[in-house]
Structures are given as C-alpha cells and as structure tokens.
Participant: 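Mind having a look at this structure? Questions to follow.
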Amino acid sequence: MNPLNHVAIIMDGNGRWGLKNKNSRNAGHKAGLNTVEKIIKETIKNNIKFLTLYAFSTENWKRPKKEIKFLFNLLENFLKDKIEDLNKQKIRLKIIGKKNFSSQLNSLLIKSEKKTSKNKRLQINLALNYGAKTELINAFKELKKNKENINEKNLKKYLETKNIPDPDLLIRTGNTKRLSNFLLWQVAYSEIFFEKKLWPDFNERDYTKMIKKFRSIKRNFGKI
Ligand code: FPP
C-alpha cells in the first residue's frame with residue numbers, strides 16, 4: 001500500500017458550477033469553499049499530513065476585478081471565522097505564493113500562519129498568487145545570487161515548498177486535463193487524477209475513492 005503524505009488539488013469548476021446552478025460565477029466560489037471544508041475534514045480522517053490547495057494563480061489576476069474582489073473577501077471572512085477552529089484542530093496554515101494583497105489581507109495571512117505555525121496534525125498549503133514558473137525563476141535567481149551550484153538539493157531550498165515533501169497525489173476537478181502552472185517541479189512523480197465533477201460537486205466519497213485507488217497503484221519512480 002502506498003504511503004500518502006501529501007495531496008495537492010487544483011479546485012477547478014467553481015465558475016461553471018455557479019453559472020449553471022445560480023447564474024453567478026461567484027456563487028460557485030462560495031459553494032467551492034464548502035467543498036474545501038469537507039475535504040480538509042476527510043484529509044485529517046485519512047491521516048494525510050500535507051494538503052496543498054490552488055486557490056489563486058498568478059494568471060488569475062486577468063479575471064474581472066469584481067470576481068477577484070469576491071474571492072479575496074471570501075478568503076478574508078473564512079480566515080476570520082475559522083482560524084481559531086483550525087488552530088484548535090492542530091492544523092497549520094502556510095501560504096505559498098507572493099503575498100502582495102491589501103495590507104489588511106497580508107497581515108491576516110501572516111497572523112494566521114504565525115498562530116498555527118507549531119501545529120502538526122495537518123499542514124494546509126494555500127497557493128495564493130502562486131505560479132510555478134515564477135517560483136522556479138526566483139529559485140534560480142537565489143542560486144545565482146548566492147553563487148551556489150545548480151543541483152536538485154540546492155534548488156529545492158529556494159522553492160516555496162521547501163521542507164514539504166512532493167505531492168504523492170495530484171487531483172484536478174472540473175473535467176480539464178492540464179496543470180495550469182501548478183507545482184511543476186514538485187509533481188514530477190505524482191500520481192495525477194483528473195475528475196469530471198466540478199469542484200463544488202466533489203465530495204468526501206469521491207475523494208475517498210481516489211485515495212483508495214492511489215493506495216493500490218504500483219509506483220515505480222523510474223524503476224521497474
Ligand atoms: C477555479 O475554478 C477556482 C478558483 C480560481 C478559486 C478557488 C477558490 C475556492 C475553491 C473557494 C475559495 C477558497 C478559499 C480557501 C477561500 P474556476 O473559477 O476557474 O472555474 P471555471 O473553470 O468553471 O471557470
């Protein structure tokens with residue numbers, strides 16, 4: 001049975017779900033947040049230690065301002081409401097991506113990270129303003145600045161995910177098969193599951209089924 005330490009998720013399909021069911025993309029994001037909560041609970045149940053969620057990419061800035069504002073309001077309210085509870089559940093929150101939001105949101109994110117920094121039950125890496133290409137370019141710049149050799153070990157030190165094991169399982173919902181600039185280095189050997197359901201429709205049972213299937217796969221890592 002494969003060990004499962006890290007699940008990464010591209011939570012795609014909120015906009016389509018919202019338009020179809022409530023005639024509003026933003027309603028889809030709101031519904032998507034409920035799925036986030038369900039999946040966090042199920043991740044803990046399965047004793048998985050790292051969960052990385054792609055919430056906002058460097059490319060998502062191209063969306064209408066109104067949608068961007070809605071997403072960050074949703075995040076802000078979620079953290080204000082839930083950070084105490086996450087902390088009580090011994091969940092650590094880490095942001096990956098550059099925190100260049102409003103000063104209010106930046107400080108809330110920093111506060112939430114600090115508050116939960118000692119927690120060990122589950123680490124949630126929330127990818128916000130994250131892009132793998134930017135991450136890799138920054139890492140190479142650091143290597144150059146510090147006159148270090150270019151090798152895997154040195155490069156990893158400068159990734160947003162330093163000290164985090166690579167994802168074992170990558171899930172993308174929303175019936176689309178692409179990586180969208182997410183963790184390009186880190187998913188080199190991840191098992192990738194594409195799910196037809198839109199993120200708000202994805203549920204604990206779908207997730208558990210994937211985990212079960214993942215456990216039974218023969219992972220070779222280049223060997224035979
Ligand atoms: C992709 O669906 C989803 C996002 C860009 C945002 C993800 C946000 C959430 C799941 C809710 C908020 C989460 C937190 C942690 C506050 P899409 O909008 O690209 O969907 P589409 O492909 O149907 O347009």
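In this text the structure is predicted, and so the values were computed from the model without any measurement. Keep in mind that the numbers below use all heavy atoms, side chains included, and drop hydrogens, waters and symmetry copies. In listed order, ligands and their atoms are each counted from 1.
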Participant: Looking at Thr58, Thr134, Asn100, which hits side chain to side chain donor-acceptor pair (under 3.5 Å) with Asn129?
Facilitator: Asn100
Participant: Taking all heavy atoms of Ser112 and all of Leu93, pick out the closest pair and write down the distance.
Facilitator: CB-CD2, 3.9 Å
Participant: Which value, rounded to the nearest 0.5 Å, describes the distance between Leu136 atom CG and Asn181 atom CG?
Facilitator: 9.0 Å
Participant: Other than Ile164, what residues sit in its cluster of Ile, Leu, Val, Met, Phe, Trp and Tyr side chains whose heavy atoms are under 4.5 Å apart, directly or through others?
Facilitator: Phe50
Participant: Name the orientation class of the two ring planes belonging to Phe72 and Phe101 (parallel below 30°, tilted from 30 to 60°, perpendicular beyond 60°).
Facilitator: tilted
Participant: If hydrophobic clusters are built from ILVMFWY residues whose side chains come within less than 4.5 Å, do Phe182 and Trp61 share one?
Facilitator: no
Participant: Which protein residues have a heavy atom closer than 4.0 Å to any atom of ligand 1, listed by chain and number?
Facilitator: Met11, Asp12, Gly13, Asn14, Gly15, Arg16, Arg25, His29, Leu33, Ala55, Asn60, Arg63, Leu71, Leu74, Leu75, Leu126, Trp199
